[in-house]
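All values below come from the heavy atoms of this structure, side chains included, with hydrogens, waters and symmetry mates left out. None of these values were measured; they are calculated from a predicted model.
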Amino acid sequence: MITSKAYQDGLAGLRAVRDKAKPLERQLAKIQAELEKLYAQRDREVRTLGAYEKAKADRLATSAGVSVIDIVALVPSLGPQGPAGAPAGAVVTQEASEVAEGPETAAQAIKESEVAPTHEQPNPAADEATKTRTTSTVQPATPALADPTPVSGPASTAAAVPSTPAAAGDDRELPSIPASPAGDRWIYTEPNLASKRPNFKQAARQMAFLDTATGNLVWQGGTVRLDLGHASVAEILTAVYATVPADVERIYVTAGDPWHRTAASHQFLKDAVAEWLNGPLPEGWQVESSRGKDRQAGHLVHPRNPVGRWQRGKDQHTEIRSVAEWFDPAGADPATVRAAFVELWKALRHHWDGVVLMGSPSQTGRDLWSRTIPAKAGTKWADGYPVMSQEIRALLHATAGQGRTELISPPRTPERVPGWYEADRTFAYAKHTWMSGVGLPARVTAAAFAAMSEKEQANALFSPSHWHIRVTVPTGWNHVGLLPAPAPGERSWHYPSEGGRTFTTWAGGAEVNLALRNPIQPWTIEILDGLVWEKGDPLKDWSNKLKDAWARLRAQSNLHGDERQRQAAALASRAVRSILLYGIGTFAQRPRITTGSVELGTGGEVPEIPDGARLTSLTDTHVTWERNSGFARDPYAHPEWAAGVWSSARAALLSGPTGAKDPATGKPVRAGALHLPAGSILAFRTDAIYSSVRPDWPYSGEPGDYLLKGAMPWEVATPTTDAEFYVLQELGRQALEAEGL
């Protein structure tokens, strides 16, 4: 028992630790600031050197210590332009033996095999819309939100406008499409590469569910309690396969997180995970090295949801994965988690005969979508949805962000606020899959846009599109920012809101329209360049089926008489959400990251790692590395679809219709951050708004509706750090739950 003296001594000790930590924190902040400046200097020098006519991306990448794709993002003209003698726009691509696993970093074999590049012969044709025309000031048609703001084109011929950073000089500079004719050569689809309906069935994999904290193991054959010791890889493989048959190929960890057992001795979680994955193996086992249509080799070193893959002999393969990839088990035991997977399979089977649950929701989502591709001869897109050029895919990767994450702190908000409320959009992405861009995009330059009629401009902006724009925030604007702008740091975004500020960025058509027609005050948008796709619905059938499965499981979770089945159905409904959410993420097709791990030499020497790789962790026995391998020839690469969904979701977070009607006007009630008072918004987290004012929006449980998930109707300090934010988030949810009891 702690005495009063021990308590006081402990407080003194804490103060001593604090006093030692403070100067180190200041030193670290200074080092980080210097590092950011060096990165900015590096990027500027890369752009300068990239203008040299004989500059090579690989030479620059080696000198700068970055990947080739990073160089191409900074200097697009150094991207692949095709072999000599090939038609304009031909690119050199590398054949990928498998597709990345989704929004996570894809795991590849620890000993990777190099595949020779293949030379393709595309036949691009520049769209007539890219030709230079006389410019003029135009006004897009107004749909019904607010008076439109003129969208002007520059009074010069169409040329690629260089990406200029926002007012903050340290902001990243986004890539742009080169001036014609070089930029026009980007507009083509990859030859002999399209998303087609598969003509094979996936092989079902037997699964087991293991709580490594208690040792409880559940599989099709029953339930048993195992002695796992310290739950090392060797102990888990030995204990599990002494109990279950060898055809069990997936072991889902439901609790215990054994890969974090040594986290206290590492600076980063990823190092602890790598150490666990690379631990000693039982005799006869090795890291998996073979591949198949739906099998990846090697480990995925993810800090929270890693995937370990091993094999024994030639025929026995197994994976150890976290069930948190699918849903938060929320304390459910392995039997309930297994029941959730059974209910998930039954709900999906209602729409897909022979459905197979694959290792992750992203893999499952991609497979299910592929089985909704039109197959009937003569049907539009029966020959498959074409894949965009590598240049366009790289551009979308660099310029299309995902969910909005923003903490709005003083002085933009008061230091103390009268309340804390969390409003979260239910199954939000499912609301934005009814229309997507298909086919070859048309490039619309500044001059081409300015030459359009008002109706043509409106049609272009309301079509699936991605726009390079110069934005000016209205003078006197006092609400949140509407459009993402590049911030310092890789793939970072912020949302400028200072009145009079001008910045250059890329944004989807949904967000551009929202900025022009928001319910408060229209913003000024200047079109610099853009890509416009034909309207289609490639995701609609897939999404509708998933929404139906989700609704069935939600109803079951509310009505079933058995508590375990209710919980299992609720978990299964969250898994359906993950299938759609991460399935959309797979279309983004990020550059492939190859990871590997090799043993240190006998004297502790670091072994040679592949060219272009960088060390990610170093333990007493192993060194782990990763290398950016660029974009694979993935037939399911459709970043234009992912970008469209993300843009629509970000726009709806600001203003969007609900399912309820306003009795006074008969129009749909609108909800979103712009329908709350200025200064009341405290944070955004993907689909959620946090405010100091209680939202009063109707909720019917439909996708896109705002559900109140947290409420503290008393004064609180405004969070200024992520740590403070998450404390308030948890307290708000607890307070709302207590309010409902």
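- Using modelled atom types, no side-chain atom of Thr223 and backbone atom of Trp219 make a donor-acceptor pair closer than 3.5 Å.
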Problem - Steps toward side chain to side chain contact (heavy atoms under 4.5 Å, CB included) verdict (Leu277, Leu300) - result: CA-CA 9 Å; Leu277 290 170; Leu300 171 63; over 6 Å; no
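- When atom types are taken as modelled, the side chain of Arg321 and the backbone of Tyr252 share no donor-acceptor pair closer than 3.5 angstrom.
- Of the N and O atoms on the side chains of Gln316 and Gln311, not one donor lies less than 3.5 Å from an acceptor on the other residue.
- A donor-acceptor contact under 3.5 angstrom links the side chains of Glu275 and Thr262, judged on distance only.
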Practice task
Could you give me the CA-CA distance, side-chain angles and deciding distance for Tyr690 and Leu728, then say whether side chain to side chain contact (heavy atoms under 4.5 Å, CB included) is met?
Solution key: CA-CA 10 Å; Tyr690 298 81; Leu728 286 179; over 6 Å; no
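- Between the side chain of Thr379 and the main chain of Ala382, no donor-acceptor pair closer than 3.5 Å is present.
- Taking the centre of each ring, His432 and Trp646 stay at or above the 6.0 Å mark.
- Taking the charged nitrogens against the carboxylate oxygens, Glu730 and Arg733 have no contact shorter than 4.0 Å, which rules out a salt bridge.
- A donor-acceptor pair under 3.5 Å links the side-chain atoms of Asp211 to the main chain of Thr214, judged by distance alone.
- Every pair tested for salt bridge (Lys or Arg N to Asp or Glu O under 4.0 Å) that includes a residue from residues 228-247 fails, sequence neighbours excluded, so the list is empty.
- Salt bridge annotation for Glu190-Arg393: present, with a cationic side-chain nitrogen under 4.0 angstrom from a carboxylate oxygen.
- Using a distance-only test at 3.5 Å, with no hydrogens or angles considered, no donor-acceptor pair links the side chain of His230 to the main chain of Pro258.
- The existence of a salt bridge linking Asp367 and Arg371 is confirmed by a sub-4.0 Å separation between a basic side-chain nitrogen and an acidic carboxylate oxygen.
- Side-chain N or O atoms of Ser648 include one that pairs as donor or acceptor with a backbone N or O of Gly644 at under 3.5 Å.
- Taking the six-membered ring for Trp and the full ring otherwise, the centers of Tyr636 and Tyr385 sit at least 6.0 Å from each other.
- Side-chain atoms of Thr586 and Arg366 form no donor-acceptor pair, as typed in the model, at a separation below 3.5 Å.
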Problem - Test side chain to side chain contact (heavy atoms under 4.5 Å, CB included) applied to Trp259 and Leu269, step by step - result: CA-CA 9 Å; Trp259 37 81; Leu269 279 180; over 6 Å; no
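- Judged by distance alone, the side chain of Arg566 and the main-chain N or O of His560 form a donor-acceptor pair under 3.5 Å.
- Checking Trp369, Trp550, Phe427 one by one against Leu580, the side chain to side chain contact (heavy atoms under 4.5 Å, CB included) holds for a single residue, Phe427.
- For the pair Asp722 and Arg685, the salt-bridge criterion is met [side-chain N within less than 4.0 Å of a carboxylate O].
- Between the side chain of His638 and the backbone N or O of Glu640, no donor-acceptor pair lies under 3.5 Å.
- A donor-acceptor pair is defined here as one N or O able to donate and one able to accept, closer than 3.5 Å; such a pair exists between the side chain of Thr212 and the backbone of Ala255.
- Checking Ser700 against Asp705 by side-chain atom types alone, a donor-acceptor pair falls below 3.5 Å.
- In this structure, Thr364 contributes its side chain and Met358 its backbone to a donor-acceptor pair below 3.5 Å.
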Practice task
Begin with the C-alpha distance, continue with both residues' side-chain angles, and end with the deciding distance and a verdict on side chain to side chain donor-acceptor pair (under 3.5 Å) for Thr426 and Tyr699.
Solution key: CA-CA 9 Å; Thr426 298; Tyr699 181 76; 3.0 Å; yes
